[in-house]
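Everything on this sheet refers to the single structure shown next.
These numbers were taken from a predicted model, which means no experiment stands behind them. Values below: every heavy atom of this structure, side chains too, minus hydrogens, waters and symmetry copies. Numbers here simply count residues along the sequence, with the first being 1.
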Amino acid sequence: MGFTSSSGVVISERKKMGASPIRIPTVSNDTDWDFCFHLSQQTKIPEHQRTDELYPTSGSGESEEDAKAKEEKAIDRMSLPKEKLAQSQKKNTQANKELIRCVILSQIIFGEEPWKCAQALATLAYGYLTLTGLPPQAKKHAESAKNTLMTWKGNTTSDKEKKEILETLVMLYDTVGVACLLQNRGREAHFNLQKSERNMKELKKSYKGGACGLQVSEKDLTIALGRAPLANRRLNLALAYFEKAIDNVMAAKGDRTSDLVGLYEEIAQIEQLRRNHDQAVQYLQQGHSICVSLFTEVSPQAAEASALLAKADATSGEAQHGDAVEMYFIKSITAYQTTLGPEDYETLTTIEEFCKWLVQNGEKQEAYRLLKALLKSQVISYGDCSKKVAETFYNMGRICFTKGELRKAIQLLRKVNTGWFFTFAPRPVSKM
């Protein structure tokens with residue numbers, strides 16, 4: 001009995017087929033691919049050297065001082081986000097190289113079964129998308145996987161193989177769709193994501209209702225399907241997909257899971273674009289409530305949720321929302337200052353947003369006071385001749401000008417000129 005996927009790949013009774021060469025696609029400027037293709041053998045790290053730099057373990061023979069020094073070193077490294085990011089990116093790059101090796105090995109081992117090579121290519125494409133954030137490479141490899149499947153004339157009867165092929169189709173169409181979405185090609189993205197959705201439905205039937213442990217989850221696919229029409233301003237369709245995603249998450253994890261927070265924020269954005277302000281605020285309040293219950297009110301998560309609520313209320317332009325705007329801004333700033341510190345980027349940005357709102361609503365004196373207090377933290381974080389500091393002097397100068405304090409305004413605006421000059425003036429070339 002034949003088995004047909006929604007993409008047009010026909011799978012019927014299996015026949016032996018002779019080994020045929022499989023073309024391994026290359027992508028221009030893909031240095032990782034070239035590196036792994038030419039260097040399939042790489043020196044392995046000895047087992048005793050494989051330790052996590054962030055969490056060094058102390059040996060049984062080391063002294064207490066050595067252990068303490070290692071602990072301090074670990075804490076110091078944990079406090080440097082750039083180092084952590086670099087380490088994470090290095091691990092992701094290494095993982096992607098391993099996926100490239102898997103493609104090469106698939107060609108060698110599964111010469112009689114090209115769909116296995118397509119599966120490896122689809123996984124590599126997904127890796128380029130999720131591990132290294134390279135949509136063009138991801139799209140190229142996913143399309144190579146699709147071409148391999150479309151030109152394959154093999155047959156299979158195994159239920160396991162049918163499911164694996166469907167999983168590959170779900171992954172490769174999702175990868176192409178999300179890659180197109182990241183490249184601002186919303187129409188093409190939606191077309192491919194719909195193909196992934198059709199294959200997902202067929203896969204769920206083969207699993208008799210549930211398909212767990214897939215690389216691409218149904219939730220992630222539904223969210224991507226919502227973002228694609230949003231990019232084309234098809235707001236009603238985007239809203240429908242996000243509502244579906246919320247319902248699926250609630251059914252699987254309940255109504256107090258952190259997975260809902262991001263969904264509530266995105267669906268609130270859609271409602272704001274639809275000029276449905278009250279519904280947008282309601283979604284954000286639900287997200288804020290989850291953050292407070294899961295992470296406490298004084299947490300970065302609750303601070304972000306409060307800031308979004310403040311901005312949503314502020315965009316309404318209605319006077320009755322003024323108290324709510326001020327309350328949520330203060331909650332957000334207090335939580336950020338307590339958890340991340342007064343010099344953190346999120347803290348400073350939220351204070352700047354609050355000051356803009358205060359000026360718009362005639363609270364110029366309070367805005368000036370906050371901006372003056374903000375300067376010290378900005379100098380520490382960005383430097384005394386930074387663009388941010390210059391902007392703060394400019395905003396303070398504007399406030400003084402509107403109040404009729406011209407001398408003070410001119411002094412502040414002169415500082416703006418000094419700051420911008422040092423920020424953007426060409427640097428002299430030193431003579432050797």
Side-chain angles (χ1 to χ4, degrees), residues 129-130 135 173-198 200-201 216-292 294 301-318 320-321 324-325 328-329 332 346 349-350 353 356-357:
L129 188 68
T130 58
Y173 281 121
D174 175 82
T175 300
V176 173
V178 175
C180 289
L181 191 56
L182 292 172
Q183 294 174 310
N184 298 318
R185 295 156 68 180
R187 192 178 297 277
E188 187 180 350
H190 194 231
F191 176 74
N192 282 281
L193 289 167
Q194 283 181 315
K195 284 189 174 183
S196 183
E197 184 184 33
R198 287 196 290 271
M200 176 72 82
K201 287 177 181 176
V216 178
S217 69
E218 189 174 7
K219 183 195 88 170
D220 291 339
L221 177 56
T222 306
I223 292 171
L225 277 161
R227 288 172 180 165
L230 181 60
N232 295 326
R233 305 289 292 187
R234 298 170 66 187
L235 302 180
N236 291 336
L237 182 59
L239 182 67
Y241 277 117
F242 273 100
E243 286 175 340
K244 180 183 176 182
I246 289 171
D247 290 341
N248 289 343
V249 171
M250 281 186 174
K253 299 184 179 181
D255 61 357
R256 306 304 289 174
T257 174
S258 59
D259 288 353
L260 287 170
V261 176
L263 292 175
Y264 282 138
E265 290 172 0
E266 291 201 61
I267 201 171
Q269 180 189 3
I270 296 170
E271 291 290 12
Q272 283 182 313
L273 291 171
R274 295 174 75 228
R275 301 184 184 279
N276 194 348
H277 168 77
D278 291 337
Q279 187 61 52
V281 170
Q282 188 177 336
Y283 280 126
L284 290 172
Q285 284 174 338
Q286 288 176 274
H288 180 266
S289 176
I290 293 171
C291 288
V292 170
L294 293 179
Q301 294 86 354
E304 182 181 0
S306 295
L308 288 172
L309 264 170
K311 292 172 190 175
D313 277 321
T315 55
S316 71
E318 298 177 9
Q320 63 265 31
H321 294 295
V325 175
Y328 284 120
F329 264 130
S332 177
E346 297 294 342
T349 303
T350 308
E353 294 287 340
K356 288 177 185 176
W357 178 81

Search all heavy atoms of Leu181 against all heavy atoms of Ala224 and return the closest pair with its distance. CD2-O, 4.2 Å
Between Leu284 and Ala268 the two heavy atoms that sit nearest each other are CG-CB, 3.7 Å
Contact check, side chains of Gln301 and Ser258, non-hydrogen atoms, under 4.5 Å: no
Quick check against the 3.5 Å criterion: does Thr315 have a side-chain atom that pairs as donor or acceptor with the backbone of Ala312? yes
Let me confirm one number: the NZ-CD distance from Lys311 to Glu353, rounded to the nearest 0.5 Å. 4.5 Å
Is the closest side-chain heavy-atom distance between Lys195 and Val176 below 4.5 Å? no
Less than 4.5 Å apart, side chain to side chain, heavy atoms only: is that true for Tyr264 and Ile290? yes
Can you find a pair of side-chain heavy atoms, one from Leu309 and one from Ser306, that are under 4.5 Å apart? no
Taking distance alone, no hydrogens or angles, what donor-acceptor pairs closer than 3.5 Å link side-chain atoms of residues 225-236 to residues at least two apart or in another chain?
residue: Arg227; atom: NE; partner: Glu266; partner atom: OE1; Å: 3.0
residue: Arg227; atom: NE; partner: Glu266; partner atom: OE2; Å: 3.3
residue: Arg227; atom: NH2; partner: Glu266; partner atom: OE2; Å: 2.5
residue: Asn236; atom: OD1; partner: Arg274; partner atom: NE; Å: 3.3

Between Arg256 (side chain only) and Leu294 (backbone N and O only), is there a donor and an acceptor less than 3.5 Å apart? no
Asn276 (side chain) donor-acceptor with Gln272 (main chain) under 3.5 angstrom: no
Leu182/Leu129 under side chain to side chain contact (heavy atoms under 4.5 Å, CB included): CA gap, chis, key distance, verdict: CA-CA 10 Å; Leu182 292 172; Leu129 188 68; 3.8 Å; yes
With side chain to side chain contact (heavy atoms under 4.5 Å, CB included) as the test, would you mind laying out the steps for Glu197 and Leu193 before giving the verdict? CA-CA 6 Å; Glu197 184 184 33; Leu193 289 167; over 6 Å; no
Separation between CD (Gln285) and CG (Asp278), nearest 0.5 Å, reads 9.5 Å
Looking at side-chain heavy atoms only, is the closest gap between Arg187 and Phe191 below 4.5 Å? no
Would you check if the side chain of Ser332 reaches a backbone N or O of Ala303 as a donor-acceptor pair within less than 3.5 Å? yes
Nearest heavy-atom pair of Ile223 and Ala245: which atoms, and what distance? CG1-CB, 4.2 Å
Asp313: what forms a side chain to side chain contact (heavy atoms under 4.5 Å, CB included) with it, not counting sequence neighbours? His277, Val281, His321, Ala324, Val325, Tyr328
Which heavy atom in Ala305 sits nearest to a heavy atom in Cys291, and how many Å separate them? CB-SG, 4.2 Å
For the pair Ser217 (side chain) and Asp220 (backbone), establish whether a donor and an acceptor sit closer than 3.5 Å, ignoring hydrogens and angles. yes
Should Lys201 and Arg198 count as side-chain neighbours, where that means a heavy-atom distance under 4.5 Å? no
Verify side chain to side chain contact (heavy atoms under 4.5 Å, CB included) between Gln279 and Ile267, making sure each step is shown before the conclusion. CA-CA 9 Å; Gln279 187 61 52; Ile267 201 171; over 6 Å; no
Are side-chain heavy atoms of Glu304 and Glu346 found at a separation under 4.5 Å? no
Pairwise side chain to side chain donor-acceptor pair (under 3.5 Å) hits with a residue in residues 239-250, at least two apart: none
Distance in Å, Leu260 CG paired with Asp255 CG, rounded so as to fall on 0.5 Å steps: 7.5 Å
Are Thr222 and Phe242 packed together at the side-chain level, in the sense that at least one heavy-atom pair is separated by less than 4.5 angstrom? no
